[in-house]
Amino acid sequence: MQKGKLLVFSAPSGSGKTTIVRHLLAQPELNLEFSVSCTTRALRGEEVNGKDYYFISIEEFKKHIKAEDFVEWEEVYRDNFYGTLKSEVERIWAMGKNVIFDIDVAGGLRIKKKFPEETLAVFVKPPSVDELKRRLKERSTESDDKINMRIAKAHVELATAPQFDKIIKNYDLDEAKKEAYQLVKEFISISE
Ligand code: 5GP
């Protein structure tokens, strides 16, 4: 199969990586397609099954693990499993497109390890953990308990930033979007 590129965007929850990924997906010249992950967490707000995630049960998720259907998977939060299906990458490459991932830090590094040549792994860094907390509260899609769980994990995740190919500091969203665009454009054109 003709291989495209893999653009991984990882960051603590609330860093703005999803906004950056959406911005990149809206640039047709980058020829990107979003890798839809499987998750066992509940559907949130305006999310659509099959577009934001494939929302599946823990039993189904475990079947996929056993069948080795995943490129990578993680229990990102307790009982909340997330994973990238091999079929998702194949589907997008078969379309002649590059794959963009919005996944957690461990998953991002695993993709990089599996596909070192094809992957650009980008870490999106929030201004501070306090700011992260403020953004998560503002989003108000989760309970305080869940927010605290995400904050606790953020400390661990921030420590992995140096293992990524590039770090984008998201202090100003417009700047961060521009920087992300340049990085992706360069990576794609070098390898064309
Ligand atoms: P959320 O519940 O906020 O949508 O996602 C929680 C975390 O799981 C985010 O950091 C998100 O990027 C990550 N995530 C989403 N899909 C995957 C996946 O397929 N694999 C891994 N390892 N993490 C994922």
Side-chain angles (χ1 to χ4, degrees), residues 6-25 32-58 60-65 67-92 99-115 119 121-126 129 132-133 135-161 163-164 167-168 170 176 180:
L6 304 175
L7 292 316
V8 168
F9 281 79
S10 296
S13 184
S15 305
K17 72 172 181 303
T18 304
T19 311
I20 293 173
V21 166
R22 287 206 186 119
H23 169 72
L24 295 172
L25 278 163
L32 301 175
E33 184 77 13
F34 182 62
S35 165
V36 180
S37 297
C38 291
T39 185
T40 62
R41 81 147 162 77
L43 194 143
R44 198 164 70 194
E46 311 263 282
E47 288 176 336
V48 176
N49 187 24
K51 180 168 168 270
D52 298 286
Y53 283 108
Y54 301 113
F55 294 94
I56 63 175
S57 65
I58 295 189
E60 273 179 273
F61 200 98
K62 288 190 172 160
K63 271 191 208 155
H64 281 307
I65 296 176
E68 298 187 357
D69 291 335
F70 289 117
V71 185
E72 63 75 38
W73 65 270
E74 284 288 317
E75 187 175 6
V76 177
Y77 307 105
R78 198 152 168 242
D79 282 341
N80 282 185
F81 291 84
Y82 295 79
T84 308
L85 290 169
K86 289 177 188 164
S87 58
E88 193 61 13
V89 174
E90 286 161 7
R91 173 182 78 82
I92 297 171
V99 190
I100 187 162
F101 300 86
D102 173 344
I103 67 178
D104 95 320
V105 162
L109 291 173
R110 206 160 287 153
I111 299 240
K112 175 79 194 174
K113 207 166 171 193
K114 277 203 177 164
F115 300 97
T119 306
V122 181
F123 187 92
V124 181
K125 202 170 175 185
V129 173
L132 208 62
K133 200 166 188 172
R135 288 184 193 173
L136 285 173
K137 288 207 163 169
E138 198 178 74
R139 188 160 91 180
S140 66
T141 48
E142 278 120 333
S143 63
D144 276 0
D145 258 12
K146 292 216 166 128
I147 290 179
N148 288 337
M149 197 163 78
R150 284 169 188 252
I151 294 297
K153 191 167 151 58
H155 287 284
V156 180
E157 291 171 327
L158 283 167
T160 69
Q163 296 178 53
F164 282 75
I167 299 175
I168 292 179
N170 185 11

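For ligands, and for the atoms within them, numbers begin at 1 and follow the listed sequence.
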List ligand 1 atoms under 4.0 Å from [X], heavy atoms only on the residue side.
X: Glu74; value: 22 (N)
X: Gly107; value: 22 (N)
X: Arg41; value: 1 (P), 2 (O), 4 (O)

Could you tell me whether ligand 1 has any atom less than 4.0 Å away from a heavy atom of [X]?
X: Ala106; result: no
X: Phe101; result: no
X: Arg150; result: yes
X: Trp73; result: no

What residue and atom, counting heavy atoms only, is the protein's closest point to [atom], and at what distance?
atom: atom 7 (C) of ligand 1; answer: Val76 CG1, 3.9 Å
atom: atom 10 (O) of ligand 1; answer: Lys17 NZ, 3.2 Å
atom: atom 23 (N) of ligand 1; answer: Asp104 N, 3.0 Å
atom: atom 2 (O) of ligand 1; answer: Tyr82 OH, 2.5 Å
atom: atom 16 (N) of ligand 1; answer: Ser37 OG, 3.0 Å
atom: atom 5 (O) of ligand 1; answer: Tyr53 OH, 3.3 Å

* Asked: Does Glu138 pair with Lys133 as a salt bridge, N-O distance under 4.0 Å?
  ->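 No, no charged N to carboxylate O under 4.0 Å.
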* **Phe70/Phe61 aromatic ring centres below 6.0 Å** =>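 So the answer is yes for these two rings.
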* Please report the shortest heavy-atom distance between Val71 and Lys86, naming the atom on each side. =>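 Between these two residues, the closest heavy atoms are CG2-CA, 3.6 Å.
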* Asked: Looking only at heavy atoms, what is the nearest atom pair of Gly16 and Asn170, with distance?
  ->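 Heavy atoms only, the tightest pair is CA-ND2, 3.7 Å.
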* Asked: Quick one: which of Asp102, Leu109, Thr39 has a heavy atom closest to atom 11 (C) of ligand 1?
  ->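 Shortest heavy-atom distance from atom 11 (C) of ligand 1: Asp102.
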* Between Glu88 and Ser35, does any side-chain donor sit less than 3.5 Å from a side-chain acceptor? ->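 No.
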* For residues Asp102 and Thr18, is any side-chain donor paired with an opposing acceptor at under 3.5 Å? ->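 Judged by distance alone, the side chains do pair up.
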* Asked: Near Lys112 NZ, under 6.0 Å, is it more than 12 heavy atoms from other residues, nucleotides or ligands?
  ->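 Counting other residues, nucleotides and ligands, NZ of Lys112 exceeds 12 neighbours.
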* Test Ile100 against every option in Leu32, Val8, Ile92 by the side chain to side chain contact (heavy atoms under 4.5 Å, CB included) rule and name the one that passes. =>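 Only match with Ile100 under side chain to side chain contact (heavy atoms under 4.5 Å, CB included): Leu32.
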[X]-ligand 1 polar pair, N/O distance under 3.5 Å:
X: Glu72; answer: yes
X: Gly83; answer: yes
X: Glu47; answer: no
X: Tyr77; answer: no

* Please check if the side chain of Thr40 supplies one atom and the backbone of Asp79 the other of a donor-acceptor pair under 3.5 Å. =>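 Indeed, once roles are kept as given, a pair shorter than 3.5 Å links the two residues.
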* Evaluate the ring planes of Trp73 and Phe81, with Trp represented by its six-membered ring, and classify them as parallel (under 30°), tilted (30 to 60°) or perpendicular (over 60°). =>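 Rings of Trp73 and Phe81: tilted, 30 to 60°.
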* To do: Output the distance between atom CD (Glu33) and atom CG (Leu7), rounded to the nearest 0.5 Å.
  =>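 Rounded to the nearest 0.5 Å, the CD-CG separation comes out at 12.5 Å.
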